[in-house]
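Accompanying notes for the structure given below.
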Amino acid sequence: MTDTAPPAVPASPTARPRAAVDPARPGPVADVADRAAAGFADRYAGSPAGRWAAPGRANLIGEHTDYNDGFVLPFALPLRTVVAADRQDGPRWTVWSELSGEPVSFGADEVAEPGRVTGWAAYVAGVVWALRDAGHDVPGARLAIASDVPLGSGLSSSAALEAAVLAALVDLGGLDLPAERWPRLAQRAENAYVGAPTGILDQSAVIRCRAGHALFLDCRTEAIEHIPFDLAAAGLAVLVVDSRAPHRHADGEYAARRAACERAAHLLGVPALRDVPAAGLDAALARLDDDETRRRVRHVVTEDQRVLDTVELLRAGRVRDTGPLLTASHASMRDDFEITVPEVDTAVEAALAAGAYGARMTGGGFGGCVLALVDADRADAVADAVTAAYAERGYRAPGLYRATPAPGAHRL
């Protein structure tokens, strides 16, 4: 659930006197794919063998439950990282991104162990390393990357990059690797090579999501169910508010939350906090002496239950009724898990005051984006209210657009 900084193009919508929602931002995936192909041609003086895309993701509900073996409900966004690629001779990989403008090249020796390739290219090297470590014969390749997934916004730009690179290398090498095994490999690249202690949520979402659906994922068993999430049919929209807050999501804070959860599970004698039932929460909390630990546990256990309740409502077609669960999730992240910042709290409060059915921060925290469930014909009015609240507090104007559930990683 971290969202560190691989190569992508930061979103830069222009501030407007009125906060009109831009339903088209970012541009069609073809635009990003064309940029990747053009970058490949400029850098390598040839045409790529193919282009592979992976999306950003928003988590409808279920934050910091993934590494606790719990439940999550993400959906893929129409934001894409695209990799244009072709094979090259020998065990060597050269990668260029439109953000840095400078290629990075590494061979088998450099990719042999974590830490040898650093910076944004570590995400690419990590995928190569994870595939090789799993026994796959990874082809040498030249890659060019373009993206519309904004950096540092909690929309999983890192997982999108990993998944697009993974899809490209699997295809180029003709590797025998079914898609259901991709998330764990991409997660291993980020955990063991890059050094970010993410759970399985991000990689699962960007790889396994389906258009028009949310992905109900059991993070322990990796069982999935595609839950219909037809906003248009319900006359609704999900407004995404990019808080533009400096991403204060230090890896140390994320790691500290994870460590606290693991300590609590040990104290409670369970494999993970997922094993504390909601009905037994009070009894479990009474066994813990530290108030901070109790609050961390309360968030995880109640958040798991909110995911299950949201899934039941969506199965019944009661999309509007999920709103209070989203808002309760945000309050839990703010008060019990302590991972929100003033900008995201302001966006949530303003959206609710303007008539949103529910609103919450999405992502690992300490910055990032807010999701607001709104009537489709009220999206602009809610966006105006959020922008006005930002202006009153002297914050940088937020980014605003509508989210439509999109497909996961695929070849274009």
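- In this structure, R274 does not pair ionically with D66, as no charged nitrogen and carboxylate oxygen lie closer than 4.0 Å.
- One N or O on the side chain of R320 and one on the backbone of A234 form a donor-acceptor pair closer than 3.5 Å.
- For R132 and D137, the salt-bridge test fails: no basic side-chain N is under 4.0 Å from an acidic carboxylate O.
- The side-chain heavy atoms of I145 and V82, taken from C-beta on, include no pair separated by under 4.5 Å.
- Side-chain atoms of H136 do not come within 3.5 Å of backbone N or O of L131 as any donor-acceptor pair.
- Remark: side-chain polar atoms of Y67 are not paired, donor with acceptor, to backbone N or O of L201 under 3.5 angstrom.
- A donor-acceptor pair is defined here as one N or O able to donate and one able to accept, closer than 3.5 Å; such a pair exists between the side chain of R80 and the backbone of L77.
- Rounding to the nearest 0.5 Å places OH of Y123 at 12.5 Å from OH of Y193.
- Tested against T302, the residues R306, H299, R298 include a single side-chain hydrogen bond (donor to acceptor under 3.5 Å, both in side chains) partner, R306.
- Rounded to the nearest 0.5 angstrom, R188 CZ and T198 OG1 are separated by 12.5 Å.
- Side-chain atoms of W93 do not come within 3.5 Å of backbone N or O of V104 as any donor-acceptor pair.
- In this structure, CG in L177 is found 7.0 Å from CH2 in W182, a value given to the nearest 0.5 Å.
- Closest of all the heavy-atom pairs between V83 and A168 is CG1-CB, 4.2 Å.
- One N or O on the side chain of D275 and one on the backbone of A272 form a donor-acceptor pair closer than 3.5 Å.
- The two residues W129 and A192 have their closest heavy-atom pair at CH2-CB, 3.5 Å.
- Annotation: F216 is not in aromatic contact with H226 [ring centroid separation under 6.0 Å not met].
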The test is side chain to side chain contact (heavy atoms under 4.5 Å, CB included); show your working for L60 and F229 and say whether it passes. CA-CA 10 Å; L60 184 63; F229 190 41; 3.9 Å; yes
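- Taking the charged nitrogens against the carboxylate oxygens, R295 and E338 do have a contact shorter than 4.0 Å, which makes a salt bridge.
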Could you walk me through whether L268 and L288 pass the side chain to side chain contact (heavy atoms under 4.5 Å, CB included) check? CA-CA 8 Å; L268 293 171; L288 300 171; 4.1 Å; yes
Check against side chain to side chain donor-acceptor pair (under 3.5 Å), T94 and R142: CA-CA 5 Å; T94 304; R142 300 173 298 170; over 6 Å; no
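- Under a 4.0 Å N-O distance rule, the pair R244/E343 does not qualify as a salt bridge.
- Panel note: side chain S332, backbone A328; no donor-acceptor pair is recorded below 3.5 Å.
- Annotation: side chain of Y357 is not in contact with side chain of L352 (no heavy-atom distance under 4.5 Å).
- Annotation: F75 is not in aromatic contact with H213 [ring centroid separation under 6.0 Å not met].
- Summarising the geometry of V240 relative to A403, their closest heavy-atom pair is CG2-CB, 3.6 Å, with the distance given to 0.1 Å.
- A side chain to side chain contact (heavy atoms under 4.5 Å, CB included) with L79 is found for one member of P55, S156, P150 and no other, namely P150.
- Between E303 and R360 there is a salt bridge, with a side-chain nitrogen of the basic residue lying less than 4.0 Å from a carboxylate oxygen of the acidic one.
- Within the 3.5 Å criterion, the main-chain N or O of G368 finds a donor-acceptor partner in the side chain of S243.
- Expressed to the nearest 0.5 Å, how far CG of D69 lies from CG of D218 amounts to 8.0 Å.
- Across all their heavy atoms, A122 and V194 have their closest contact at O-CG2, 3.8 Å.
- Comment: R116 does not engage D109 in a salt bridge, judged by the lack of any side-chain N to carboxylate O separation of less than 4.0 angstrom.
- To the nearest 0.5 angstrom, I227 atom CD1 is 11.0 Å from T310 atom OG1.
- A salt bridge between R210 and E225 is absent, with no side-chain N of the basic residue lying under 4.0 Å from a carboxylate O of the acidic one.
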Any chance you could lay out the salt bridge (charged side-chain N to carboxylate O under 4.0 Å, His left out) test for R263 and D290, step after step, and finish with the verdict? CA-CA 11 Å; R263 285 196 304 271; D290 176 62; over 6 Å; no
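- For R43, the CZ atom counts as loosely surrounded, since its 6.0 Å shell holds 12 or fewer non-hydrogen atoms of other residues, nucleotides or ligands.
- Judged by distance alone, the side chain of H64 and the main-chain N or O of R258 form no donor-acceptor pair under 3.5 Å.
- When side chains are defined from C-beta on, V165 does not count as touching W52, because their heavy atoms never get closer than 4.5 Å.
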Should L231 and V238 be marked as a side chain to side chain contact (heavy atoms under 4.5 Å, CB included) after you check the CA-CA gap, both sets of side-chain angles, and the distance that decides it? CA-CA 8 Å; L231 295 164; V238 168; 3.7 Å; yes
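- R411 is not listed as a side-chain neighbour of V170, based on a closest heavy-atom distance of 4.5 Å or more.
- Put simply, the side chain of S97 gets close to the backbone of S100: a donor and an acceptor are under 3.5 Å apart.
- In this structure, the side chains of T81 and V32 stay at 4.5 Å or more apart for every pair of heavy atoms.
- Atoms CG and CG, from D321 and L373 in turn, are 10.0 Å apart once rounded to the nearest 0.5 Å.
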Taking it one step at a time, do E190 and Q203 satisfy side chain to side chain donor-acceptor pair (under 3.5 Å)? CA-CA 10 Å; E190 189 150 347; Q203 289 81 9; 3.3 Å; yes
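- For the pair D375 and R378, the salt-bridge criterion is not met [side-chain N within less than 4.0 Å of a carboxylate O].
- In summary, D336 and R294 do not engage in a salt bridge, as defined by a charged side-chain N under 4.0 Å from a carboxylate O.
- At least one side-chain heavy atom of E349 sits under 4.5 Å from a side-chain heavy atom of D345.
- Residues W96 and Y44 are in side-chain contact: their nearest non-hydrogen atoms beyond the backbone lie under 4.5 Å apart.
- Residues P183 and R208 share a closest heavy-atom pair of CG-CD, 3.9 Å.
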Could you walk me through whether L371 and L239 pass side chain to side chain contact (heavy atoms under 4.5 Å, CB included), step by step? CA-CA 6 Å; L371 304 182; L239 177 67; over 6 Å; no
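- Put simply, the side chain of V117 does not reach to within 4.5 Å of the side chain of V124, judged on heavy atoms.
- A salt bridge is absent between D171 and R87: the closest approach of a Lys/Arg side-chain nitrogen to an acidic carboxylate oxygen does not fall below 4.0 angstrom.
- The heavy-atom pair separating E63 from G363 by the smallest distance is CG-O, 3.0 Å.
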